[in-house]
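These notes are about the structure you will find just below.
A note on names: the letters A, B, ... follow the listed sequences, proteins ahead of strands, and every chain is numbered from 1. If you're wondering where the values come from, they're calculated on a predicted model, not measured in any experiment.
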Amino acid sequence: MTDISLLCLVGATGTGKTAAALALARELGGGVVNFDSRQVYAGLGVVTAQPTAEERAVCPHALYGYLPINTPVRAGAFAGEIMDQARAYRDQGLAPILVGGTGLYLKSLVDGLAPIPDIDPQIREEVVRECRDQGSQVLHGRLQLIDPDYAAKIHPNDPQRICRALEVFTATGQTLTWWHGRTCRPAGLRALKIGLSADLASLTPRLARRIDLMLEAGAREEVRLAYEGCPDRMAPGFSGIGCPELLAVMLDGLSLDQARRDWLRSTRAYAKRQLTWFNKDNEIFWHHPEDVDGIVTRARQFLESAAAS
RNA sequence: GCCGGGGUAGCUCAGUCGGUAGAGCAGGGGACUGAAAAUCCCCGUGUCGGCAGUUCAACUCUGUCCCCCGGCA
(Lines give C-alpha, C1' and ligand atoms only; values in the text may rest on other atoms or scores of the structure.)
Protein backbone atom coordinates (compact mmCIF):
# COMPACT_ATOMS: atom_id res chain seq x y z
CA MET A 1 0.00 0.00 0.00
CA THR A 2 1.46 3.30 -1.05
CA ASP A 3 1.19 6.51 0.89
CA ILE A 4 -1.82 8.70 0.57
CA SER A 5 -2.54 12.31 1.51
CA LEU A 6 -6.04 13.29 2.49
CA LEU A 7 -7.53 16.76 2.60
CA CYS A 8 -10.23 16.73 5.23
CA LEU A 9 -12.81 19.48 5.65
CA VAL A 10 -14.61 19.50 8.97
CA GLY A 11 -16.94 21.87 10.77
CA ALA A 12 -20.40 22.15 12.18
CA THR A 13 -23.44 21.73 10.00
CA GLY A 14 -24.15 24.73 7.82
CA THR A 15 -20.69 26.27 7.92
CA GLY A 16 -20.11 25.96 4.18
CA LYS A 17 -18.12 22.76 3.83
CA THR A 18 -19.63 21.93 0.47
CA ALA A 19 -18.65 25.27 -1.04
CA ALA A 20 -15.14 25.08 0.38
CA ALA A 21 -14.73 21.57 -0.99
CA LEU A 22 -15.70 22.69 -4.47
CA ALA A 23 -13.22 25.55 -4.29
CA LEU A 24 -10.47 23.13 -3.29
CA ALA A 25 -11.41 20.70 -6.03
CA ARG A 26 -11.34 23.43 -8.65
CA GLU A 27 -8.03 24.86 -7.54
CA LEU A 28 -6.16 21.63 -6.90
CA GLY A 29 -7.90 19.12 -9.11
CA GLY A 30 -9.62 16.93 -6.59
CA GLY A 31 -12.46 14.56 -5.97
CA VAL A 32 -14.84 14.77 -3.05
CA VAL A 33 -15.58 11.89 -0.69
CA ASN A 34 -18.37 12.11 1.84
CA PHE A 35 -17.75 11.12 5.43
CA ASP A 36 -21.06 12.31 6.78
CA SER A 37 -23.22 9.65 8.34
CA ARG A 38 -26.57 10.93 7.02
CA GLN A 39 -25.66 12.22 3.59
CA VAL A 40 -25.18 8.64 2.47
CA TYR A 41 -28.91 8.02 2.15
CA ALA A 42 -30.68 7.97 -1.17
CA GLY A 43 -33.91 9.89 -1.43
CA LEU A 44 -33.05 12.32 1.36
CA GLY A 45 -30.78 14.67 -0.52
CA VAL A 46 -32.58 17.83 0.50
CA VAL A 47 -33.06 17.28 4.25
CA THR A 48 -29.52 15.99 4.69
CA ALA A 49 -28.06 18.83 2.61
CA GLN A 50 -26.25 16.66 0.11
CA PRO A 51 -24.49 18.50 -2.70
CA THR A 52 -26.87 19.36 -5.53
CA ALA A 53 -26.54 18.05 -9.07
CA GLU A 54 -24.90 21.32 -10.13
CA GLU A 55 -22.42 21.08 -7.30
CA ARG A 56 -21.62 17.48 -8.10
CA ALA A 57 -21.01 18.44 -11.69
CA VAL A 58 -17.99 20.50 -10.64
CA CYS A 59 -15.86 17.48 -9.79
CA PRO A 60 -16.26 13.78 -8.96
CA HIS A 61 -18.28 13.10 -5.82
CA ALA A 62 -18.48 9.80 -3.98
CA LEU A 63 -20.51 8.16 -1.22
CA TYR A 64 -23.44 10.55 -1.36
CA GLY A 65 -27.02 9.32 -1.50
CA TYR A 66 -26.19 5.73 -2.33
CA LEU A 67 -27.71 3.73 0.56
CA PRO A 68 -31.33 2.70 1.10
CA ILE A 69 -32.95 4.38 4.10
CA ASN A 70 -33.30 1.13 6.02
CA THR A 71 -29.59 0.27 5.77
CA PRO A 72 -27.47 1.10 8.81
CA VAL A 73 -24.01 2.60 8.39
CA ARG A 74 -21.16 0.96 10.29
CA ALA A 75 -18.24 3.17 11.17
CA GLY A 76 -15.56 0.61 10.38
CA ALA A 77 -16.95 -0.53 7.07
CA PHE A 78 -17.70 3.02 6.03
CA ALA A 79 -14.19 4.19 6.86
CA GLY A 80 -12.95 1.40 4.61
CA GLU A 81 -15.16 2.58 1.76
CA ILE A 82 -13.91 6.13 2.19
CA MET A 83 -10.31 4.96 1.99
CA ASP A 84 -11.00 2.85 -1.09
CA GLN A 85 -12.54 5.83 -2.78
CA ALA A 86 -9.72 8.13 -1.74
CA ARG A 87 -7.19 5.70 -3.23
CA ALA A 88 -9.20 5.51 -6.42
CA TYR A 89 -9.04 9.28 -6.75
CA ARG A 90 -5.35 9.31 -6.02
CA ASP A 91 -4.77 6.70 -8.73
CA GLN A 92 -6.62 8.96 -11.15
CA GLY A 93 -4.39 11.86 -10.20
CA LEU A 94 -7.06 13.59 -8.15
CA ALA A 95 -6.53 14.96 -4.67
CA PRO A 96 -8.93 13.21 -2.28
CA ILE A 97 -11.04 15.79 -0.46
CA LEU A 98 -12.94 14.29 2.46
CA VAL A 99 -15.95 16.30 3.56
CA GLY A 100 -18.35 15.68 6.38
CA GLY A 101 -19.54 16.43 9.85
CA THR A 102 -19.34 13.07 11.56
CA GLY A 103 -16.33 13.40 13.82
CA LEU A 104 -16.26 9.75 14.78
CA TYR A 105 -15.99 8.60 11.19
CA LEU A 106 -13.05 10.85 10.41
CA LYS A 107 -11.39 9.76 13.61
CA SER A 108 -11.94 6.10 12.74
CA LEU A 109 -10.25 6.68 9.42
CA VAL A 110 -7.33 8.83 10.52
CA ASP A 111 -6.59 7.41 13.97
CA GLY A 112 -7.73 3.87 13.30
CA LEU A 113 -10.27 1.72 15.02
CA ALA A 114 -9.85 -1.27 17.30
CA PRO A 115 -9.76 -4.42 15.14
CA ILE A 116 -13.00 -5.79 16.54
CA PRO A 117 -14.65 -8.32 14.24
CA ASP A 118 -18.24 -7.83 13.12
CA ILE A 119 -20.65 -8.89 15.83
CA ASP A 120 -23.30 -11.50 15.12
CA PRO A 121 -26.57 -9.55 14.86
CA GLN A 122 -28.30 -12.16 17.01
CA ILE A 123 -25.95 -11.49 19.90
CA ARG A 124 -26.54 -7.82 19.53
CA GLU A 125 -30.31 -8.23 19.45
CA GLU A 126 -30.19 -10.34 22.57
CA VAL A 127 -28.16 -7.73 24.46
CA VAL A 128 -30.41 -4.91 23.33
CA ARG A 129 -33.49 -6.85 24.36
CA GLU A 130 -32.05 -7.54 27.81
CA CYS A 131 -31.23 -3.88 28.17
CA ARG A 132 -34.77 -2.92 27.30
CA ASP A 133 -36.24 -5.48 29.71
CA GLN A 134 -33.88 -5.06 32.64
CA GLY A 135 -32.77 -1.49 32.26
CA SER A 136 -29.39 -0.11 31.40
CA GLN A 137 -28.35 0.19 35.07
CA VAL A 138 -28.59 -3.56 35.54
CA LEU A 139 -26.46 -4.20 32.47
CA HIS A 140 -24.02 -1.52 33.57
CA GLY A 141 -23.67 -3.44 36.81
CA ARG A 142 -22.85 -6.56 34.83
CA LEU A 143 -20.31 -4.62 32.77
CA GLN A 144 -18.61 -3.45 35.95
CA LEU A 145 -17.76 -7.07 36.73
CA ILE A 146 -16.51 -7.79 33.21
CA ASP A 147 -14.71 -4.57 32.29
CA PRO A 148 -14.53 -2.20 35.27
CA ASP A 149 -12.31 0.29 33.44
CA TYR A 150 -14.74 0.83 30.61
CA ALA A 151 -17.75 0.71 32.93
CA ALA A 152 -16.21 3.58 34.89
CA LYS A 153 -15.93 5.66 31.73
CA ILE A 154 -19.55 5.42 30.71
CA HIS A 155 -22.74 6.31 32.53
CA PRO A 156 -25.26 3.72 33.79
CA ASN A 157 -27.91 5.54 31.75
CA ASP A 158 -26.08 5.16 28.44
CA PRO A 159 -27.69 2.07 26.89
CA GLN A 160 -25.93 2.39 23.56
CA ARG A 161 -22.40 2.16 24.93
CA ILE A 162 -23.28 -0.42 27.58
CA CYS A 163 -24.84 -2.70 24.96
CA ARG A 164 -21.88 -2.30 22.67
CA ALA A 165 -19.42 -3.25 25.41
CA LEU A 166 -21.47 -6.30 26.36
CA GLU A 167 -22.04 -7.50 22.83
CA VAL A 168 -18.33 -7.27 22.06
CA PHE A 169 -17.45 -9.25 25.17
CA THR A 170 -20.14 -11.85 24.53
CA ALA A 171 -19.09 -12.32 20.92
CA THR A 172 -15.31 -12.19 21.28
CA GLY A 173 -14.57 -13.12 24.88
CA GLN A 174 -12.45 -9.98 25.20
CA THR A 175 -13.35 -6.69 26.81
CA LEU A 176 -13.71 -3.42 24.96
CA THR A 177 -10.80 -2.06 27.01
CA TRP A 178 -8.63 -4.90 25.71
CA TRP A 179 -9.70 -4.26 22.13
CA HIS A 180 -9.22 -0.50 22.40
CA GLY A 181 -5.67 -1.12 23.51
CA ARG A 182 -5.01 -2.81 20.18
CA THR A 183 -5.95 0.21 18.11
CA CYS A 184 -3.25 1.36 15.78
CA ARG A 185 -3.02 4.35 13.54
CA PRO A 186 -3.10 3.38 9.86
CA ALA A 187 0.32 3.50 8.21
CA GLY A 188 1.12 5.51 5.11
CA LEU A 189 -1.68 7.97 5.63
CA ARG A 190 -1.28 11.72 5.99
CA ALA A 191 -4.25 13.87 6.72
CA LEU A 192 -4.66 17.61 6.74
CA LYS A 193 -7.68 18.63 8.77
CA ILE A 194 -9.13 21.99 7.89
CA GLY A 195 -11.91 23.27 10.12
CA LEU A 196 -14.42 25.86 9.04
CA SER A 197 -14.82 28.05 12.09
CA ALA A 198 -18.18 29.21 13.36
CA ASP A 199 -19.74 30.19 16.62
CA LEU A 200 -23.23 29.07 17.49
CA ALA A 201 -24.65 32.54 17.83
CA SER A 202 -23.80 33.58 14.31
CA LEU A 203 -24.54 30.14 12.92
CA THR A 204 -28.11 30.02 14.27
CA PRO A 205 -29.74 32.46 11.83
CA ARG A 206 -28.04 30.66 8.96
CA LEU A 207 -29.36 27.32 10.20
CA ALA A 208 -32.87 28.76 10.42
CA ARG A 209 -32.55 30.12 6.91
CA ARG A 210 -31.29 26.80 5.65
CA ILE A 211 -34.34 25.01 7.05
CA ASP A 212 -36.59 27.39 5.13
CA LEU A 213 -34.56 26.78 1.99
CA MET A 214 -34.89 23.04 2.45
CA LEU A 215 -38.66 23.41 2.76
CA GLU A 216 -38.71 25.54 -0.38
CA ALA A 217 -36.63 22.92 -2.13
CA GLY A 218 -39.25 20.27 -1.39
CA ALA A 219 -38.09 18.67 1.85
CA ARG A 220 -41.66 17.77 2.84
CA GLU A 221 -42.37 16.04 -0.43
CA GLU A 222 -39.02 14.31 -0.29
CA VAL A 223 -39.66 12.87 3.16
CA ARG A 224 -43.21 11.89 2.19
CA LEU A 225 -41.91 9.92 -0.79
CA ALA A 226 -39.13 8.40 1.25
CA TYR A 227 -41.64 7.26 3.83
CA GLU A 228 -43.80 5.66 1.16
CA GLY A 229 -40.78 3.67 0.07
CA CYS A 230 -39.80 2.79 3.64
CA PRO A 231 -42.73 3.11 6.05
CA ASP A 232 -40.62 2.72 9.19
CA ARG A 233 -39.95 5.83 11.22
CA MET A 234 -37.18 4.02 13.07
CA ALA A 235 -35.20 3.34 9.88
CA PRO A 236 -31.61 4.60 10.18
CA GLY A 237 -32.01 7.14 7.38
CA PHE A 238 -34.86 8.84 9.20
CA SER A 239 -32.67 9.71 12.16
CA GLY A 240 -31.35 12.59 10.09
CA ILE A 241 -32.46 15.86 11.68
CA GLY A 242 -35.55 17.21 9.97
CA CYS A 243 -36.97 13.77 9.16
CA PRO A 244 -38.62 13.10 12.54
CA GLU A 245 -40.04 16.61 12.48
CA LEU A 246 -41.44 16.34 8.97
CA LEU A 247 -42.76 12.85 9.62
CA ALA A 248 -44.55 14.22 12.69
CA VAL A 249 -46.22 16.84 10.50
CA MET A 250 -47.27 14.15 8.07
CA LEU A 251 -48.31 11.41 10.50
CA ASP A 252 -49.14 13.10 13.81
CA GLY A 253 -50.63 16.37 12.63
CA LEU A 254 -47.85 18.49 14.10
CA SER A 255 -48.03 22.05 12.82
CA LEU A 256 -45.41 22.99 10.29
CA ASP A 257 -44.51 25.98 12.40
CA GLN A 258 -43.81 23.83 15.45
CA ALA A 259 -41.89 21.40 13.28
CA ARG A 260 -39.65 24.20 12.09
CA ARG A 261 -38.95 25.26 15.65
CA ASP A 262 -38.16 21.68 16.73
CA TRP A 263 -36.03 21.21 13.66
CA LEU A 264 -33.98 24.32 14.36
CA ARG A 265 -33.50 23.37 17.99
CA SER A 266 -32.25 19.89 17.05
CA THR A 267 -29.97 21.31 14.40
CA ARG A 268 -28.50 23.80 16.83
CA ALA A 269 -27.96 21.16 19.48
CA TYR A 270 -26.26 19.00 16.86
CA ALA A 271 -24.04 21.86 15.72
CA LYS A 272 -23.06 22.42 19.33
CA ARG A 273 -22.10 18.74 19.72
CA GLN A 274 -20.01 18.96 16.58
CA LEU A 275 -18.23 22.07 17.83
CA THR A 276 -17.49 20.36 21.14
CA TRP A 277 -16.04 17.39 19.30
CA PHE A 278 -13.95 19.29 16.76
CA ASN A 279 -12.72 21.95 19.19
CA LYS A 280 -11.01 19.17 21.12
CA ASP A 281 -9.09 17.96 18.08
CA ASN A 282 -5.85 19.92 18.05
CA GLU A 283 -4.83 18.60 14.63
CA ILE A 284 -7.39 20.88 13.02
CA PHE A 285 -6.33 24.10 11.31
CA TRP A 286 -9.18 26.53 11.62
CA HIS A 287 -10.14 28.92 8.85
CA HIS A 288 -12.99 31.33 8.38
CA PRO A 289 -15.35 29.81 5.78
CA GLU A 290 -14.84 32.85 3.54
CA ASP A 291 -11.08 32.48 3.63
CA VAL A 292 -10.94 30.38 0.48
CA ASP A 293 -7.46 31.59 -0.44
CA GLY A 294 -6.09 30.65 2.95
CA ILE A 295 -7.69 27.23 2.75
CA VAL A 296 -6.38 26.57 -0.75
CA THR A 297 -2.90 27.77 0.15
CA ARG A 298 -2.74 25.57 3.19
CA ALA A 299 -3.97 22.55 1.23
CA ARG A 300 -1.47 23.18 -1.55
CA GLN A 301 1.42 23.42 0.89
CA PHE A 302 0.33 20.20 2.49
CA LEU A 303 0.21 18.36 -0.82
CA GLU A 304 3.58 19.76 -1.87
CA SER A 305 5.22 18.77 1.40
CA ALA A 306 3.79 15.29 0.89
CA ALA A 307 5.26 15.07 -2.59
CA ALA A 308 8.64 16.27 -1.34
CA SER A 309 9.00 13.80 1.51
C1' G B 1 -69.61 46.67 38.52
C1' C B 2 -70.26 41.73 40.90
C1' C B 3 -68.71 36.45 41.63
C1' G B 4 -64.99 32.84 40.94
C1' G B 5 -59.71 31.28 39.45
C1' G B 6 -54.95 33.12 39.00
C1' G B 7 -50.21 36.40 39.35
C1' U B 8 -43.41 32.12 41.78
C1' A B 9 -37.00 31.01 36.79
C1' G B 10 -37.02 33.03 29.58
C1' C B 11 -41.91 29.62 29.18
C1' U B 12 -45.58 26.08 31.61
C1' C B 13 -46.36 25.22 36.49
C1' A B 14 -45.46 22.79 41.59
C1' G B 15 -44.64 24.08 46.66
C1' U B 16 -44.10 26.20 51.59
C1' C B 17 -50.11 23.66 57.91
C1' G B 18 -45.15 30.95 58.65
C1' G B 19 -38.29 29.60 59.02
C1' U B 20 -36.66 33.66 52.00
C1' A B 21 -38.28 27.94 46.91
C1' G B 22 -38.08 23.37 42.76
C1' A B 23 -39.66 20.38 38.42
C1' G B 24 -40.33 19.97 33.05
C1' C B 25 -39.20 22.64 28.73
C1' A B 26 -35.96 26.43 26.75
C1' G B 27 -30.82 27.96 27.45
C1' G B 28 -25.46 26.99 28.73
C1' G B 29 -21.18 23.53 29.35
C1' G B 30 -19.13 18.64 28.62
C1' A B 31 -18.26 13.34 27.20
C1' C B 32 -17.60 10.30 22.96
C1' U B 33 -13.62 3.64 19.41
C1' G B 34 -18.58 0.03 14.58
C1' A B 35 -26.39 3.20 16.36
C1' A B 36 -22.53 9.18 16.13
C1' A B 37 -27.62 14.05 12.50
C1' A B 38 -26.85 8.67 17.56
C1' U B 39 -26.30 8.06 22.89
C1' C B 40 -25.32 10.21 27.48
C1' C B 41 -23.64 13.52 31.75
C1' C B 42 -23.41 18.28 34.52
C1' C B 43 -25.42 23.41 35.45
C1' G B 44 -31.55 26.60 38.62
C1' U B 45 -31.04 33.74 43.31
C1' G B 46 -35.71 34.23 41.15
C1' U B 47 -38.04 42.11 43.68
C1' C B 48 -42.37 34.17 44.88
C1' G B 49 -47.40 41.23 41.35
C1' G B 50 -47.05 46.37 44.54
C1' C B 51 -47.77 48.53 49.30
C1' A B 52 -49.12 48.18 54.36
C1' G B 53 -50.34 45.14 58.80
C1' U B 54 -49.69 40.86 62.31
C1' U B 55 -45.14 38.16 63.80
C1' C B 56 -38.71 36.97 66.50
C1' A B 57 -39.54 35.65 61.27
C1' A B 58 -44.19 36.63 55.57
C1' C B 59 -43.26 33.92 49.37
C1' U B 60 -46.77 31.61 52.93
C1' C B 61 -51.63 34.79 57.25
C1' U B 62 -54.65 39.66 57.04
C1' G B 63 -55.96 44.25 54.55
C1' U B 64 -55.64 47.06 50.27
C1' C B 65 -54.28 48.26 45.31
C1' C B 66 -52.77 46.73 40.31
C1' C B 67 -52.86 43.11 36.31
C1' C B 68 -54.58 38.49 33.65
C1' C B 69 -58.42 34.54 32.67
C1' G B 70 -63.40 32.76 33.01
C1' G B 71 -68.74 33.65 34.33
C1' C B 72 -72.75 37.11 35.43
C1' A B 73 -74.36 41.90 34.53
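A gap of 16 Å separates the P atoms of B/A26 and B/C42, to the nearest Å. The C1' atoms of B/U12 and B/A73 are separated by 33 Å, rounded to the nearest whole Å. When the C1' atom is compared between B/G50 and B/C56, the two are found 25 Å apart, to the nearest whole Å. Across B/U54 and B/U62, the matching P atoms stand 16 Å from one another, rounded to whole Å.
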Can you give the dot-bracket line for RNA chain B, using ( ) for pairs inside the strand, [ ] for pairs that cross earlier ones, | for pairs with another strand and . for unpaired bases, where Watson-Crick and G-U count if both distances are under 3.5 Å?
(((((((..((((.....[..)))).(((((.......))))).....(((((..]....)))))))))))).

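Toward the 5' end of RNA chain B, the nearer of the two residues A/P159 and A/S108, judged by each one's closest nucleotide, is A/S108.
Glycosidic conformation of B/G34: syn, with the torsion inside 90° of 0.
Checked options A/I194, A/L196, A/N279; the residue passing with A/W286 is A/N279 (criterion: side chain to side chain contact (heavy atoms under 4.5 Å, CB included)).
Contact annotation: A/Y105 does not reach the phosphate of B/G34 (side-chain N/O to OP1 or OP2, under 4.0 Å).
The separation between A/R38 atom CZ and B/A38 atom P is 8 Å, rounded to whole Å. Taking atom NZ of residue A/K272 and atom C1' of nucleotide B/A38, one finds them 18 Å apart after rounding to whole Å. When the P atom of B/A35 is taken as reference, atom CG of A/L166 falls 14 Å away, rounded to whole Å. A straight line from CD of A/Q160 to P of B/A31 spans 18 Å, rounded to a whole angstrom. Residue A/R74 contributes atom CZ, which lies 14 Å from atom C1' of B/A38 at whole-angstrom precision. Counting to the nearest Å, the P atom of B/G29 and the CG atom of A/L200 are 7 Å from each other.
Near RNA chain B, meaning a heavy atom under 4.0 Å away, there are no residues from residues 210-225 of chain A.
Across all strands, A/F35 comes closer than 4.0 Å to no nucleic acid atom at all (heavy-atom distances).
Residue side chain A/R124 reaches the base of B/A35 through a donor-acceptor N/O pair under 3.5 Å, judged by distance alone.
Contact of the A/V73 side chain with the A/P236 side chain is not registered, since no non-hydrogen atoms from C-beta on lie closer than 4.5 Å.
Under a 4.0 Å N-O distance rule, the pair A/R129/A/E125 does not qualify as a salt bridge.
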